[in-house]
Every structure is written in structure tokens, then in C-alpha cells.
Amino acid sequence: MLIRHVSTVITSCCAGVYIGYKYKENVASVKHYFLSNIYAKSAPPSTNDSLVNSENNVNIPFQSESSKSKVVSNAGQIVKYGFPSTDNLRSYEDFMLSYDRRTRTASWVLEHLTPEKVNRVDGVERSKLKFLEDESIHGYHRATNKDYLGSGYDRGHLAAAANHRQSLNAMSQTFLLSNIAPQVGAGFNRDSWNSLEKYVRALARKNKNVYVCTGPLFLPRKEADGKLYVRYEVIGENHVAVPTHFFKVLVVENSQGQFELQSYVMPNQPLPEVRLQNYLVPLEVIERAAGLLFFQNIPKKMFTKINARQTP
DNA sequence: TTTGATGT
């Protein structure tokens, strides 16, 4: 049962990605990304993968007989001199992000769009703004403008500037380099990815609410020895990671209160002029690749449409 | 229109 389900997912995900590339030379390499055995070796979803149980004790998977009666943790002593930390969450005026210190870019950025938010407001213009380091992030892990200078990559917004027009402050925060990732300029950031962003704003104008989650992917690829490797460039003194792909997951709530889900993956490469629909990828594929779970508070059965298909 | 880089 499970095996059949998983193979269906793999087939459909490859088909979805394949369509996007039928005109390109790199079909084989992209196919490898999604044929990765990380999808094949599926495990049933766990409802509780937390290390902390309901009594707020730390779960210890293998207890000795003597310790079984009382579950304890030495956490207090262990972290006495400091915790390496994952204080990665940032809330800005109109978007939130989770920062990945290792890649010097965000793992995900979350936005809520409405018709009002994407309307033009006098005085809120990107020409007044500059890309800035995010000083809330430690200098060791912070991307700088110098990292991007001469790299050949654009400083690509994750939360798009034009999605946050209600105030200059809101828009200025999208220029923090924590919200930026290295993107191929011509053919990607300025073209196909920009088309996707414009499409999202068009949806925001026509619907009650749009929730958008955007982030980078670092996908494995099969190399000459037949093994899978994740390979990506790093730029500048701070080694800002250049993602292999980007994802964008949308939840659209219309005026009737119906929900639609759309999930996209685009490779960080110059792309031919193709329909956005060709980049729709099953949500599960993105969740597995990114290590994230999106919009979990909406039961799947609530979606009337998923990736352009009416749900039964 | 919106996405950028680069040079003065």
C-alpha cells in the first residue's frame, strides 16, 4: 500500500518536472535531482517527532530498566556555558523568515498578501532603497554586499519588494540580505522567476488572502560515479551559498472561502520562456527536499484545487 | 513594470 503510494508520487513528480524541461539540454541532470533515493526510501509520516514529550520531558528512546520509571534530562547542566543556538527566526514588518547560518541565506520566507498590500502607494519605491546587511545576524554568518559584488549573481529577493508597498519601512526590510539569495540574473531572476512573482501579485489582487512561502533548495544530483552529491557554488568572503533551485508554495483563499494550493520549483538557471504551470511540483517533493512542512494547519481535504487540478 | 548590475 505504502510502496504503491510512494511510487505514484515519484512518477508524478518526475513527470511534473520533466515537462518544464522538455526544451532544454539538461533534462538528464534535472531528472536525477528528483529521482534521488531520498524520495524512494519513504517512511510513514510521524505525528510526533519532537524530542520533548507532553510532560515537557526529553524523550530518551532507549532507557535502561532502572531509569524507566522517571524520564529526566541533564539539559540544564549541559547548556550551562552556552547553547550553539538556532535563533533563526526573524519577524519583520510584513514578512517572516528562518535564517540558515550555514548557507548565509534564508531557509524560508513567509508572506501574507492582500489586494491592499500589493497596491501602489505614493512614496514607496524601490529606487529609494538599498540592499543592506542584516545586523541582527552575527557577523560570522551574515551576507554582505561585497559577497555579491562581481559574483555574477543577482541579489534576488525571496519576499519580493513589490509585495510590500504599504510602507517604505516594510519594503526596505525586504532589502535586508537575510531575505536575499544569489540568483542567476538574465533568464531567471529578471525573467522567469520575476514572472512567477508577478503572477503571485496578480493572484493577490483577485483574491481575499494569499499566503506565500519561498526559499532555496540544494538538490542532489547524480555524478559520474553514479552516486548522489549536493554540489553548489559559494560566493564572497562569507561563502554565501548559491541555491540549485528555488521553491514557492502558495495558498490562495478566494472570496468564497475556498482554498487552493500551488507549489513551484524552478532551477537557478536561465530558463526558456515556458508556462509557469510547467514548474508545478507536488508539495510533498518540496517538503522532503527542503526539510519543511508547509501550511500544516490547513487539512488537505480543504483544498478545492491543488496544482491546477480540481480535487475529488 | 519589475527585476537587477555597474560606474560616476
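We name chains A, B, ... by the order of the sequence lines, and we start the count at 1 in each one. Given the structure is predicted, the values throughout are model-derived calculations rather than measurements.
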* Kindly point out which of dT3(B), dT1(B), dA5(B) is positioned nearest to the side chain of Ala161(A)? => dT3(B)
* Asked: So does Arg155(A) get a side-chain nitrogen or oxygen closer than 4.0 Å to the phosphate oxygens (OP1/OP2) of dT6(B)?
  -> no
* Roughly, in whole Å, what's the span from CD1 in Ile180(A) to P in dG4(B)? -> 6 Å
* To do: Under 4.0 Å from any atom of DNA chain B, heavy atoms only: list the residues of residues 172-179 of chain A that qualify, in numerical order.
  => none
* For Asp87(A) and Arg101(A), what are the C-alpha separation, side-chain angles and deciding distance, and is it a salt bridge (Lys or Arg N to Asp or Glu O under 4.0 Å)? -> CA-CA 10 Å; Asp87(A) 68 329; Arg101(A) 294 171 167 184; 2.4 Å; yes
* Between atom CD of Glu287(A) and atom CG of Leu292(A), what is the distance when rounded to the nearest 0.5 Å? -> 8.0 Å
* To do: Counting heavy atoms from C-beta on, name the nucleotide in dT3(B), dA5(B), dT1(B) closest to the side chain of Lys198(A).
  => dT1(B)
* Is the distance from OP1 or OP2 of dG4(B) to the nearest side-chain N or O of His157(A) less than 4.0 Å? -> yes
* To the nearest Å, give me how far apart CZ (Arg165(A)) and P (dT2(B)) are. => 4 Å
* Structure fact -> Here the residues of residues 186-196 of chain A within 4.0 Å heavy-atom distance, strictly under, of DNA chain B are Asn189(A), Arg190(A), Asn194(A)
* Asked: Taking atom C1' of dA5(B) as reference, at what distance in whole Å does atom CG of Asn145(A) sit?
  -> 12 Å
* To do: May I have the distance from His164(A) (atom NE2) to dT2(B) (atom C1'), rounded to whole angstrom?
  => 14 Å
* Structure fact -> For Leu217(A) and Ala290(A), the nearest pair of non-hydrogen atoms, with its separation, is CD2-CB, 3.6 Å
